Protein chains: 2
Amino acid sequence: MRRPTLEAVAARAGVSRATASRVVNGQTTVAPHIRDAVQRAIDELGYVPNSAARSLVTQRTDSIALVVSEPPTRVFSEDPLFSTVIRSASVELEAVNKQVVLMLASSAESHARVERYIAGGHVDGVMLISMHGADPLPAALSRLRVPVVSYGRPAVPVDIPYVDNDNVGGAELAVRHLVAAGRRRIATIAGPQDMIGGQDRLAGYRSVLRDSDRRSIVAVGDFTRESGAVAMRQLLGDDPALDAVFVANDLMAVGALQSLRQAGRRVPDDVAVVGFDDIEAAKYTEPPLTTVRHPVAEQAAAMVRLLLGLFGGGPADPVILPTELVVRESA
Amino acid sequence: MRRPTLEAVAARAGVSRATASRVVNGQTTVAPHIRDAVQRAIDELGYVPNSAARSLVTQRTDSIALVVSEPPTRVFSEDPLFSTVIRSASVELEAVNKQVVLMLASSAESHARVERYIAGGHVDGVMLISMHGADPLPAALSRLRVPVVSYGRPAVPVDIPYVDNDNVGGAELAVRHLVAAGRRRIATIAGPQDMIGGQDRLAGYRSVLRDSDRRSIVAVGDFTRESGAVAMRQLLGDDPALDAVFVANDLMAVGALQSLRQAGRRVPDDVAVVGFDDIEAAKYTEPPLTTVRHPVAEQAAAMVRLLLGLFGGGPADPVILPTELVVRESA
DNA sequence: GATGTCCGTGAGAGCGCTCTCTCGGTAGAG
DNA sequence: CTCTACCGAGAGAGCGCTCTCACGGACATC
């Protein structure tokens, strides 16, 4: 009991396979009554084109790899942003009838597998979400002859077009807000320095502090809630008189709020806190978290558009999306 | 500049295409020195089999669709469990060299697309994650001639093997814990009644209350934090003397804790709270949440094994995984 | 009426692979 | 030394589709 082939459709409609193919592919050079006959045969037989046969001859697969390359710590796939990125990219690709092939690359072994798969021409293009700096994947993929785009600027300089949010600008926004509120001793809990987001947000913090003649007070976390709590305790030890802290992501900010509460500091009265990301949970902290919002879904969608543009010979220029300060009660 | 074909490998190794194919597919009926020669040719040419050509003849694609069918409210893809399921299933499938094709089905239009795609034989099997009862997809897919398994028991009775956790048993665990602690007026915040998880957890609650001769006090939420907060306020209005509440998921429990705090109730002194899911955030609530843990990653992995088993003519029996009560401070 | 143009249709090659069938060669048995 | 058995390798068909090219008929032009 095999699925009907184009041959069967053609036979039933009394035309040649070539004509049936034309109808299936929506070519206009087919006489209306013939097109109708073929269409009827297609419906009656429940014909669906065999994609393997099609891509064998067209050399296209109509599927796109979404490669998530995360550090061994699994930071990203536990991140609430993960779902949003996946979802938005999928929706956008499905709108143009491309399939999403999801690939996780965490171990060296899986890296090799991904590379082999991509090299095998199974996909028309690659969307790469790489979360750590030492990742060899961006470089490796850019060497293959497949269009590749990246979610977020690759940590190593490599010739891949990317879509990122304005991490530096967002951090500046946050810190300027603290400066404008009259805070004097503004600390930061930075993210991992092998991630671009970690680096850039710290750079933004530094640049504003420099301009406003304040001393920088830095602790480093790894973007997890727990690390934020630890870093906050450390900062309070380093400078008990600090009156503000810019935290490089909301997850760490939640941890920081916890430590501040335990240390008896009131937020924002004693210490103002600004986070980054505007995750769902930021609305529900005590007090609600002032944070920097960046358009995650839109960034993913822009990445898809960038890739699709590449197919059409479009520009390969990076896209930087603006960030926005969301003022709640913590600062 | 085309990719090398098997023909090229064969030519270089001085053998026939058939023999080269045997080497590529690891057949043992090839003389060692010939196998080595072919292998060398493969390496030198950087040969990678063309999957389209291969699946054209084998009628297999080695890819599996992961269909996420969520209600229009997008409950699931915002759920922290989402990432875990996706991740675990991917890892498990990649271990056996199958590709994961991710498909989101929310609108009726995307349902049709998914059905067409599956019917088109693009995948060897389907893993279905359906989150709402009225979903026509399970029934539709079970009609196609493709192996299908479901993450969670389908809401409508349909002949699809599935893997689920013991929702009823888990709820019973939770409520028995409250009974054992001497709580007299035990309320519940139930999940949506068009989801299996919502129904079963309520059923578990009811069965224990019945056995222990207590009155049930029920409010219904939709598994979001906000709905949990609303439901809790409502419950306090209905029965100000309630001394415990079983909440059908942690997200709602977080909202409930918030409402309790606002109402001046101490947890667990005045009101004990038990959640369900054991999400990451449950550790960080004030006080930390007692909850029912179920093995999400393992459930996803079991689903993959179930599907792979189906390919080999294995059993199609549902798998139910046990749950476990995690006692923290809220009850 | 012959020639040219254009448009819709069919014939057929070929995409790269797997797999069956066949065949040649070697070894063991008689 | 011949016959049978077996095993490794090659020939070739065919998976279902697209696409180029050739062809035939309708119509316009000279």
Side-chain angles (χ1 to χ4, degrees), chain A residues 1-39 41-42 45-63 97 116-117 119-124, chain B residues 1-42 45-63 97 99 116-117 119-124:
Chain A
M1 197 52 212
R2 244 186 164 65
R3 290 165 44 211
T5 70
L6 192 59
E7 188 76 53
V9 171
R12 190 181 187 98
V15 298
S16 74
R17 207 173 55 241
T19 301
S21 174
R22 289 189 184 97
V23 174
V24 170
N25 292 291
Q27 291 190 24
T28 49
T29 66
V30 179
H33 72 278
I34 294 196
R35 202 187 52 230
D36 292 348
V38 173
Q39 190 57 56
I42 289 174
L45 262 42
Y47 170 75
V48 186
N50 179 319
S51 58
R54 179 178 279 173
S55 40
L56 182 58
V57 45
T58 58
Q59 308 280 9
R60 282 183 298 102
T61 63
D62 284 335
S63 51
N97 257 302
R116 217 176 320 118
Y117 187 76
H122 296 68
V123 293
D124 298 342
Chain B
M1 195 54 210
R2 246 188 162 67
R3 290 167 42 212
T5 69
L6 192 59
E7 188 76 56
V9 171
R12 189 181 188 98
V15 299
S16 74
R17 207 173 53 242
T19 301
S21 174
R22 289 188 184 99
V23 174
V24 170
N25 293 292
Q27 291 189 24
T28 49
T29 66
V30 180
H33 73 278
I34 294 196
R35 202 187 52 230
D36 292 348
V38 173
Q39 191 57 56
R40 211 175 315 121
I42 289 175
L45 262 41
Y47 170 76
V48 186
N50 180 318
S51 58
R54 177 178 281 174
S55 40
L56 182 58
V57 45
T58 58
Q59 308 279 8
R60 281 182 300 103
T61 63
D62 284 335
S63 52
N97 257 301
Q99 291 315 315
R116 218 177 319 120
Y117 187 77
H122 296 70
V123 292
D124 298 341

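What you are looking at is a predicted structure, and each value in this text was computed from that prediction instead of being measured. Throughout, a chain's letter reflects where its sequence line sits, starting with A, and its residues are numbered from 1.
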Separation of atom [atom1] in [X] from atom [atom2] in [N], rounded to whole Å:
X: A:Q59; N: C:dG14; atom1: CD; atom2: P; result: 15 Å
X: B:H122; N: D:dG16; atom1: NE2; atom2: P; result: 14 Å
X: B:R17; N: D:dA11; atom1: CZ; atom2: P; result: 9 Å
X: B:E7; N: C:dC17; atom1: CD; atom2: C1'; result: 10 Å
X: B:L6; N: C:dC15; atom1: CG; atom2: C1'; result: 14 Å
X: A:L56; N: D:dG16; atom1: CG; atom2: P; result: 12 Å
X: A:R54; N: D:dC19; atom1: CZ; atom2: C1'; result: 13 Å
X: B:N25; N: C:dC17; atom1: CG; atom2: P; result: 10 Å

#### Entry: Heavy-atom check, side chain of A:N97 versus side chain of A:D62, under 4.5 Å
no

### Query
Heavy-atom distance under 4.5 Å between the side chains of A:V24 and A:R54, does that happen here?
yes

Quick one: which of [options] gets closest to the side chain of [X]?
X: A:S16; options: C:dA11, D:dG16, C:dT18; value: C:dA11
X: B:V15; options: C:dT18, D:dG8, D:dG10; value: D:dG10
X: A:A18; options: C:dT9, C:dA11, C:dC17; value: C:dA11
X: A:R22; options: C:dC17, D:dC21, C:dG14; value: D:dC21
X: A:T19; options: D:dC17, C:dC17, C:dT9; value: C:dT9
X: B:A31; options: D:dA9, D:dC15, C:dA11; value: D:dA9

### Task
State whether B:N50 places a side-chain N or O below 4.0 Å from either non-bridging phosphate oxygen (OP1 or OP2) of C:dC15.
no

### Query
Can a side chain N or O of A:S21 be found less than 4.0 Å away from OP1 or OP2 on D:dT18?
yes

### Query
Which heavy atom of A:A52 sits nearest a heavy atom of B:S55, and at what distance?
CB-OG, 3.7 Å

### Task
Using the closest heavy atom to pick a nucleotide of DNA chain D for each, name whichever of B:A53 or B:V30 lands nearer the 5' end.
B:V30

### Message
Has A:R3 got a side-chain atom pairing as donor or acceptor with B:G120's backbone, closer than 3.5 angstrom?
### Response
yes

### Query
Between B:Q39 and B:I42, does a side chain to side chain contact (heavy atoms under 4.5 Å, CB included) hold up when you go through it step by step?
CA-CA 5 Å; B:Q39 191 57 56; B:I42 289 175; 4.1 Å; yes

